[in-house]
Amino acid sequence: LFRQRFPFDRDYIDRLAAGDPEIEQHFTRYFGELLSIKLRSRLRSAALVEEVIQETFLRLLASVRQKKAIDVPGGVGAFVNAVCNHVLFETYRVQSRTSSLDEDTAADLQNLRIDSETRLASQEERAHVRSILALLPDKEREVLRWLFFEERDKDEICRLLGVDRSTLRGLLHGARQRFRAEPVRE
Amino acid sequence: MTHEQAVRTMAAERYLLGEMSELERYQFEAHYFECAECAEDVRLGAAIAHEVKTDGRRSAPARTTASVSAARTRSSGGGGSWRTPANLLPWAATAVLALVVAYQAGCGWR
């Protein structure tokens, strides 16, 4: 789970350029997750996030097929990130020129949010994450809920618990370590 | 950002908790798009956050009320420190009032 199955070497890029479906699927899934995480904190709607991801992939695949870019095999990730940054800045410019959304449109986009978030992990991976979360002590689960669902102010959480920020980081780190240590149940 | 810097500063956790400046976020992204290990840290942390959110949406009305009231109880002294302004103010007011009453009573006795 969550492992990179292919090295980003010359063979990978050649197969990507040739339109190999397995490699294309891996490429869009692996980087689709990373792009989604990167963009969700910067763009106001799930539809916009998806739009930027699609545009980034279109440009990347066009470049790879024309063999104009990714001369350094180790630089695939850097190339993906750089193209995404370009698309993101273009989106910012367009967004700053358009008027704000009406309420109905905003609500529709909010409803799309869950669909876009499914990029983050497969059903199997999500089930495994849920099983690990269920093993956490109640208190830790509650704090994660304050952090990520209720999105409470972190200083307020620290005050309530009498801890500092490093404890919150440690909590997230610990949950992740537990995930790695726990075998996947078939 | 190097991998050692990312690990030492718990960059993945700070990134997911929104504790980085915009510049630092771009620097860390440039790193984790290239580093499979840090990318895995970020993806796993994001998956945990996502599941917590999804679970929260499922059980929002009942649990939010319960956790907010629990937090209020703790912040007002139920489980944490009792030395909060909200707790101390009535005690202070009572003490001042008692002094005033005692002083006035003392004046009356003379």
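Labels below follow one simple rule: chain letters A, B, ... track the order of the sequence lines, proteins then strands, and each chain is numbered from 1.
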Does B:Glu29 form a side-chain contact (heavy atoms from CB on, under 4.5 Å) with A:Cys84? I'd like the steps, not just the answer.
CA-CA 11 Å; B:Glu29 282 160 358; A:Cys84 177; over 6 Å; no

Identify the heavy atoms of [X] and [Y] that sit nearest to each other, and give their distance.
X        : Y       : value
A:Arg176 : B:Asp41 : CD-O, 3.4 Å
A:Val129 : B:Ile48 : CG1-CA, 3.8 Å
A:Ile37  : B:Ala46 : CD1-CB, 3.6 Å
B:Glu34  : A:Gly75 : OE2-C, 3.5 Å

Are there more than 12 heavy atoms of other residues, nucleotides or ligands under 6.0 Å from atom NE2 of B:His3?
yes

[atom1]-[atom2] distance between [X] and [Y], expressed to the nearest 0.5 angstrom:
X        : Y       : atom1 : atom2 : value
A:His128 : B:Leu44 : NE2   : CG    : 8.5 Å
B:Arg43  : A:Tyr30 : CZ    : OH    : 6.0 Å
A:Phe148 : B:Leu16 : CZ    : CG    : 6.0 Å
A:Ile157 : B:Leu17 : CD1   : CG    : 9.0 Å

Between B:Glu51 (side chain only) and A:Arg130 (backbone N and O only), is there a donor and an acceptor less than 3.5 Å apart?
no

Spell out the residues in residues 6-15 of chain B that have some non-hydrogen atom less than 4.5 Å away from a non-hydrogen atom of chain A, in order of number; otherwise answer 'none'.
B:Met10, B:Ala12, B:Glu13, B:Arg14, B:Tyr15

Chain B contact via A:Leu88 - side chain, backbone, both or neither, heavy atoms under 4.5 Å
side chain

Please flag which part of A:Leu171 lies under 4.5 Å from any non-hydrogen atom of chain B: side chain, backbone, both or neither.
neither

Is [Y] reachable from [X] through a run of I, L, V, M, F, W or Y residues, each pair having side-chain heavy atoms under 4.5 Å apart?
X        : Y        : answer
A:Val163 : A:Leu144 : yes
A:Val83  : A:Tyr92  : yes
A:Phe89  : A:Phe57  : yes

Using the side-chain contact (heavy atoms from CB on, under 4.5 Å) rule, take B:Phe28 and A:Lys38 through it: C-alpha gap first, then chi angles, then the decisive distance, then the call.
CA-CA 10 Å; B:Phe28 181 56; A:Lys38 172 187 170 86; over 6 Å; no

Listed by chain and number, what are the side-chain hydrogen bond (donor to acceptor under 3.5 Å, both in side chains) partners of A:Arg165, not counting sequence neighbours?
A:Asp155, B:Glu19

With respect to B:Val52, which candidate in A:Leu147, A:Val143, A:Leu133 satisfies the side chain to side chain contact (heavy atoms under 4.5 Å, CB included) definition?
A:Leu133

Is there a side-chain contact between B:Phe33 and A:Phe79 (heavy atoms, below 4.5 Å)?
no

